[in-house]
Every structure is written in structure tokens, then in C-alpha cells.
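Report on one structure; see the data block that follows.
What's counted below: heavy atoms across the whole structure, side chains too, no hydrogens, waters or symmetry copies. Quick note on labels: first sequence line is chain A, next is B, and so on, each numbered from 1.
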Amino acid sequence: MNEKHADLNEEKLVRLVKTQLDAESGNLDASTLTRLRQARRDAVSQLATPASSGTRRPFWRRAAAATALSVLALALMLTSLTPPDRQLDLIADDNEILTDEGGIELFAELDFYLWLENQDLGASDA
Amino acid sequence: MLISGLESKPIEGEISLDTEQQMERFLAGIERRAFGIAKIAVGNREDALDLVQDAMFKLVQNYATRRPDEWRCLFLTILQNRIRDWYRRNKIRSRWRVWLDKLGWDSEESSNALELMPDHEPGDPAKLVASNCGMEAINAALQDLPQRQQQVFLLRAWEGLTPAETAAAMGISEGSVKTHYFRAVNKLKVLLAELQHE
């Protein structure tokens, strides 16, 4: 008898709690419902993108990877337009400018000195 | 990632439009109760929403190709894992946030919480019952339960899981489920005695 009474109490308790919890979940505020709905849609939207070996990467990551590859390809292409040996010559020229005993002023005024030299040669030819 | 009690691996396959619609319907049907379970567990709305959202994402990412009749247990298992992780991370911090949430303060105001906090104790379930705040009394009583008793009770009594399903979701034995449930019911009987006799 006591056991039956205890069972009924438990049953009544569970029913009471369940009823109250159902009522509360049925009366959630608009803000909470909006957040839940958005979370659900964001989650389900993952299914809209085709799977790739069981994993999906977000669209922005794929776009970023494609862009990075394009930039790298462009850089390589531009670099390849200058022949390798010419690149070394350019580097060598720079070093020569920096280490020349005449100083950098010679190279800064190179056009003038070339003109002056031509004047001297013209004078000698004359 | 294997979920305790669920040994089979996901079957790889195409996701059909029908699966999307089924998943949408399933999540729409469970999201409110999931939020209720999470909110009772963590005591505040924001963390509860984060946990539910996380569980939704994990279910879709990892288990969308499973049979739809498995989604409920899988989802609740994921949710329980997230709740357990939350407890581990927020053991101390959560006590203050529950307090603030009960007082209706936003989390941004928590930095001033100590100065603004009143001196009286949080709501006592028996007193809330006396003032006819039934829902508040039940929430307070449920939050007063130890975490495992609370979650076992919610999964068994509210979500309607069997002892075996509850055990799988929580990663414990069926015997533990029955013990936790028995203790939760007895404690709730004491806390909610006034409501039962109305």
C-alpha cells in the first residue's frame, strides 16, 4: 500500500514537472526562439554543400585558398619573365654600385659624366 | 569521434534533399526541449543557446548520414557531452552567472556584480512554492539537484528516454541511471511537496 502510494507520488511528481517544463518550453521569448531557429538553419545549411571525403570546409576557406594559389601563380609567372641569369646580373650591378670606389655619386651623375666624355671625344675628333 | 554506447561508425553517403528536410524537422522538434535541458544544467540563457547550437552543428556534421531514428539519442548524447565539458570549464564561474541570471542582469554587467549584489539568499524552492511561483519552484528544485541526478531525471522524465538510452547518452551504466533517477525523484518529492498537494 505504501509502495503503491509512493509510486503514485512519483508518477504525479513526474507528470507535474513534465507539464510545467512543457509549458515553459512552449512559451519561450521571441529572442530565444529566433536564436534557436537561426542555429538550426545554420546547422542544416551545412548539408547543402556537397561533402568531400566526409568533411566540408566553409566556402570562405576554399575561396581564400584559391586566391592564395592565384597570387602565388602570378608571382611565379612575373618572376619567370626575367631570365634567371639576368636576375643575377641585376644583383651584381647593385653590388657594384654599392662597392665602387668612386662612390655612389658617380652613378647618380652618370648621365652628366657620359655627356662630358662625349664632349671630350668630340673635341679630340675635331 | 565515437559516442559512448554507440559503436557503429557513420556510413558515408550522399545527403539528399529529403535528409535535409528531415534534419530540419527533427531539430525544429527538439530544439526547445534541448534548450530547456541545457538551461537547467548551466543556469543561464546564453550558455544554453551556445550548447544547443554546438550540438546541432556536431550532429549535422558527423551524423547526418545515420538513420533518422538514431538522431534523437545521438543529439542528446552530444548535448550531454557539451554540458559535461561546460561544467568542467565553468565550475566556479557558473555560480556567479546563475545568480546574475536569476536577478535578470546581462553578462556584460557582471563586472559590477559584486558591488550591486543584494544580501539575501537565492530563491528557496519551498518559499517559491508558497508564493505560487510553480515554474520558478520547479526550476529551482531541478537546479538544486546534483548535475548527474538532474540530467538523468530530465532525460528520463521529460525527454522520455529509456534507462538504456539514458545510460548511452550520459556514458554511464544503466544501474547508475536508475540510482540517480531514484535519488532525484526522492529529492524533488521533498522540495516540491507543497506543489504536489495542490
Side-chain angles (χ1 to χ4, degrees), chain A residues 1-70, chain B residues 10 12-17 19-21 23-24 26-28 30-37 39-40 45-46 48-50 52-62 64-65 134-139 141-142 153-154 156-160 181-182 185-186 188-189 192-193 195-198:
Chain A
M1 183 68 174
N2 285 338
E3 211 172 281
K4 188 178 177 184
H5 180 67
D7 287 344
L8 285 175
N9 280 340
E10 175 180 326
E11 190 181 326
K12 189 177 174 184
L13 169 73
V14 168
R15 199 175 339 122
L16 173 71
V17 172
K18 191 173 183 305
T19 300
Q20 295 282 2
L21 291 175
D22 284 341
E24 189 182 24
S25 68
N27 290 322
L28 292 177
D29 60 277
S31 170
T32 301
L33 289 174
T34 300
R35 292 275 299 273
L36 288 172
R37 186 168 52 242
Q38 190 60 50
R40 181 201 339 141
R41 287 179 180 170
D42 289 345
V44 174
S45 69
Q46 297 176 96
L47 293 174
T49 314
S52 172
S53 59
T55 60
R56 293 190 185 88
R57 293 191 302 168
F59 169 77
W60 65 267
R61 283 191 183 175
R62 294 198 301 275
T67 303
L69 282 173
S70 302
Chain B
E12 289 195 3
E14 291 183 359
I15 305 295
S16 65
L17 182 60
T19 302
E20 283 182 52
Q21 292 171 344
M23 181 63 76
E24 167 80 24
F26 164 74
L27 291 177
I30 203 170
E31 62 191 17
R32 292 187 186 217
R33 290 195 310 282
F35 172 74
I37 289 172
K39 188 161 179 290
I40 290 169
R45 176 179 170 270
E46 285 304 314
L49 285 168
D50 287 344
V52 173
Q53 178 174 343
D54 202 18
M56 287 181 175
F57 268 77
K58 289 300 177 187
L59 177 74
V60 172
Q61 276 177 357
N62 298 333
T65 54
M135 195 58 247
E136 287 83 357
I138 286 172
N139 272 329
L142 287 169
F153 180 82
L154 289 171
R156 293 271 293 114
W158 193 20
E159 196 56 37
Y181 184 74
F182 175 79
V185 167
N186 283 342
L188 287 172
K189 279 182 189 176
L192 298 175
L195 271 182
Q196 272 187 289
H197 293 142
E198 285 181 6

Q) Looking at B:M56, B:Q53, B:K58, which makes the most heavy-atom pairs under 4.5 Å with chain A? A)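 Between B:M56, B:Q53, B:K58, the count favours B:M56.
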Q | Closest heavy-atom pair and its distance - A:L16, B:I138 | A |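 Looking at all heavy atoms of both residues, the closest pair is O-CD1, 4.2 Å.
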Q. What is the minimum heavy-atom distance between B:V60 and A:A43, and which atoms define it?
A.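 That would be CG1-O, 3.2 Å.
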Does any backbone or side-chain atom of [X] lie under 4.5 Å from a heavy atom of chain A? Answer side chain, backbone, both or neither.
X      : answer
B:N139 : side chain
B:L59  : neither
B:F57  : both
B:V52  : side chain
B:A28  : both
B:F182 : neither
B:L27  : both

From [X] atom [atom1] to [Y] atom [atom2], the distance as rounded to the nearest 0.5 Å:
X     : Y      : atom1 : atom2 : answer
B:M23 : A:R40  : CE    : CZ    : 12.5 Å
A:K18 : B:R156 : NZ    : CZ    : 13.0 Å
B:I30 : A:L36  : CD1   : CG    : 12.0 Å
A:E24 : B:F35  : CD    : CZ    : 8.0 Å
A:L21 : B:E159 : CG    : CD    : 11.0 Å
A:L13 : B:N186 : CG    : CG    : 9.5 Å

Q.
Between A:T19 and chain B, with a heavy-atom cut-off of 4.5 Å, which part of the residue counts as in contact: side chain, backbone, both or neither?
A.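 Interface part for A:T19: neither.
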(Q) Under 4.0 Å between a side-chain nitrogen and a carboxylate oxygen: does that hold for A:R35 and B:E46? (A)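 Yes.
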Q.
I'd like to check B:R45 versus A:D29 (side-chain heavy atoms, cut-off strictly below 4.5 Å). Are they in contact?
A.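 With C-beta onward as the side chain, the pair touches.
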**Q.** Heavy-atom side-chain proximity of B:R32 to A:L33 below 4.5 angstrom
**A.**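 Sidechains of A:L33 and B:R32: in contact.
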